[in-house]
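Nothing here was measured: the structure is a model prediction, and the numbers come from that model.
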Amino acid sequence: MVKIIGVRFRNAGKVYYFDPKSYEIHSGDHVIVETSRGVEYGTAIGGVREVEDDKVIPPLKEVVRMATEEDDAHALRNREKEREAMRICREKILKHGLEMKLIDAEYTFDDNKVLFYFTADGRIDFRELVKDLAAVFRMRIELRQVGVRDETKLLGGIGICGRELCCHSYLSDFAPVSIRMAKEQNLSLNPTKISGVCGRLMCCLKNEEETYEYLNSRLPAQGDTVTTADGRTGVVQNVNVLRQRVKVLFEEGDDKELEEFEVADLNFRPRRRKEKGGKGKDRDKDREKDKEREKDKESRRSRSGGAQTQEEKELQELEALERKEGKPKSKSHKS
């Protein structure tokens, strides 16, 4: 077993692990550590804990020391300097007429380098900008291009739920999000309702994915045939995933009757849970479903005289969002 301490350098940033040595470090304490960028000031997350040796990637760098009052004051001064650096960089961007949006600035704790984060639609030739900034700050300059999700993570904001954005408050890494998650949770496929502030599919769709997959696997699908405990056979009209209840339609001649049952009181062929990564038979099933959806689209178009329906437009928008979900690699230029 080896002792480790998790350290975070930015708000809701990724957690990195270090050797706490003999220091007694608690969650929320500030520490000074050695990183690939040099000496950094970070915040301890979760306190010291022990993990198995094979779960640690060597070499594990050590905590240099506990942060002092002077270190805290120095970190605060750097935050103030970052605001001034943002102002200067914006002026230089306007001077050079560059099509880029400045997001944030960050000083390293040892005052050896300043990083500028920005977004842009394409490649930007900012070599002259870097030269101007290096002449002003007289230190190493790094411009790093980030995606729209990273931009939202840095800037923060309020989601449609009324709470602070997950990515800005606690989410360290972005997990892949797909339309299938929204379908699994029976959410509206309207892009405006399941997209976040960044314009991508909401990260919180991932939060309850496994729970809904499990609950849905215990329920029949709408349109399936089920049998009750007293031997009656009916067709599923509606399911309540969270309450695990099923509404079944019984037909006897011209008479129709709709009743609600607990899922445990029905006999049916259970659905198979989807494997991670969509492998094997589940992948083949997904392909078959895609083919069926294409046939349905063609049928709807023929009935509507070839015009595209609103549902098809929304699905196309969602598919476009899903294709953008892959996190772009950050591009940077150093000087």
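- Residue Phe261 comes nearest to Val248 through the heavy atom pair CD1-CG2, 3.9 Å, listed as atom of the first residue, atom of the second, then distance.
- A salt bridge links Arg180 to Glu213: one of the charged nitrogens lies within less than 4.0 Å of a carboxylate oxygen.
- Side-chain contact between Phe116 and Leu133: present, with at least one pair of heavy atoms (C-beta onward) separated by less than 4.5 Å.
- Judged by distance alone, the side chain of Lys193 and the main-chain N or O of Leu187 form no donor-acceptor pair under 3.5 Å.
- Lys101 places no side-chain N or O within donor-acceptor distance of the main-chain N or O of Thr119, the cut-off being under 3.5 Å.
- Although no hydrogens or angles enter the test, the distance criterion places a donor-acceptor pair under 3.5 Å between the side chain of Gln222 and the main chain of Gln237.
- Within a 6.0 Å sphere centred on CZ of Arg138, heavy atoms belonging to other residues, nucleotides or ligands number 12 at most.
- Within 6.0 Å of atom CG in Asp254, 12 or fewer heavy atoms from other residues, nucleotides or ligands are found, so the atom counts as exposed in its surroundings.
- Closest non-hydrogen pair, Val239 versus Pro220, comes out as CG1-O, 3.6 Å.
- The CG atom of Asp110 lies 9.0 Å from the CE atom of Met139; values are rounded to the nearest 0.5 Å.
- Side-chain atoms of Thr227 and Arg232, non-hydrogen and from C-beta on, never get closer than 4.5 Å to each other.
- Contact annotation: the side chain of Lys113 approaches that of Glu142 to within less than 4.5 Å [non-hydrogen atoms, C-beta and beyond].
- Salt bridge annotation for Glu84-Lys81: absent, with no cationic side-chain nitrogen under 4.0 angstrom from a carboxylate oxygen.
- Atom CD of Glu262 is surrounded by more than 12 heavy atoms from other residues, nucleotides or ligands within 6.0 Å.
- Note that the CD atom of Gln185 and the OH atom of Tyr212 stand 6.0 Å from one another [nearest 0.5 Å].
- Heavy-atom neighbours of Glu50 CD from other residues, nucleotides or ligands within 6.0 Å: above the threshold of 12.
- Taking all atoms of both residues into account, the shortest heavy-atom contact from Tyr170 to Asn207 is OH-ND2, 4.0 Å.
- For the atom pair CG (Asp104) and CG (Leu115), the distance works out to 9.5 Å, reported to the nearest 0.5 Å.
- At a threshold of 4.5 Å between non-hydrogen side-chain atoms, the residues Glu259 and Lys247 do not count as touching.
- Other cluster members for Val63: Ile5, Val7, Phe9, Tyr16, Phe18, Tyr23, Ile25, Val31, Val33, Val48, Met66, joined by side-chain heavy-atom distances under 4.5 Å among Ile, Leu, Val, Met, Phe, Trp and Tyr.
- Around atom CG of Asn186, no more than 12 heavy atoms belonging to other residues, nucleotides or ligands sit under 6.0 Å away.
- Contact record, Lys92 with Leu129: CB-CD1, 3.3 Å, taken as the closest heavy-atom pair.
- Partners of Gln244 under the side chain to side chain donor-acceptor pair (under 3.5 Å) rule, at least two apart in sequence or in another chain, are Arg218.
- The main-chain N or O of Val146 is never found under 3.5 Å from a side-chain atom of Glu151 such that the two would form a donor-acceptor pair.
- Among residues two or more places apart in sequence or in another chain, the side chain to side chain donor-acceptor pair (under 3.5 Å) test is passed with Asp29 by none.
- A chain of hydrophobic side-chain contacts below 4.5 Å, direct or via other Ile, Leu, Val, Met, Phe, Trp or Tyr residues, connects Leu143 to Val136.
- Here the CD1-CG distance, from Ile32 to Asp71, works out to 4.0 Å after rounding to the nearest 0.5 Å.
- The side-chain heavy atoms of Arg200 and Val148, taken from C-beta on, include a pair separated by under 4.5 Å.
- Cys166 is not listed as a side-chain neighbour of Met202, based on a closest heavy-atom distance of 4.5 Å or more.
- Side-chain atoms of Thr228 and Phe250, non-hydrogen and from C-beta on, do get closer than 4.5 Å to each other.
- Judged as a side chain to side chain donor-acceptor pair (under 3.5 Å), and not counting sequence neighbours, the contacts of His96 are Asp132.
- Between Arg127 and Asp125, at least one side-chain nitrogen of the basic residue sits less than 4.0 Å from a carboxylate oxygen of the acidic one, meeting the salt-bridge criterion.
- Contact between Leu165 and Gly156 at its shortest, heavy atoms only, is CD1-C, 3.7 Å.
- Salt bridge annotation for Lys61-Glu34: absent, with no cationic side-chain nitrogen under 4.0 angstrom from a carboxylate oxygen.
- Tyr41 is linked by a ring-ring contact (aromatic ring centres under 6.0 Å, His included) to His30, Phe109, counting only residues two or more places apart in sequence or in another chain.
- For Glu91 and Arg87, the salt-bridge test passes: some basic side-chain N is under 4.0 Å from an acidic carboxylate O.
- Val197 and Phe174 sit in two unconnected hydrophobic clusters of ILVMFWY residues. Membership requires side-chain heavy atoms under 4.5 Å apart, directly or through other members.
- Counting heavy atoms from C-beta on, the side chains of Ile45 and Tyr17 never come closer than 4.5 Å.
- Ion pairing between a basic and an acidic side chain is recognised when a charged N comes within 4.0 Å of a carboxylate O; Asp150 and Arg144 show no such pairing.
- One finds no salt bridge joining Glu80 and Arg77 here, because no Lys/Arg side-chain nitrogen approaches an Asp/Glu carboxylate oxygen to under 4.0 Å.
- Judged as a salt bridge (charged side-chain N to carboxylate O under 4.0 Å, His left out), not a single pair has a partner in residues 159-168 (not counting sequence neighbours).
- The backbone N or O of Ala120 lies less than 3.5 Å from a partner atom in the side chain of Gln145, making a donor-acceptor pair.
- If you take CD1 on Ile93 and CD1 on Ile88, they are separated by 12.0 Å, rounding to the nearest 0.5 Å.
- The nearest pair of heavy atoms linking Val236 to Ala221 is CB-O, 3.6 Å.
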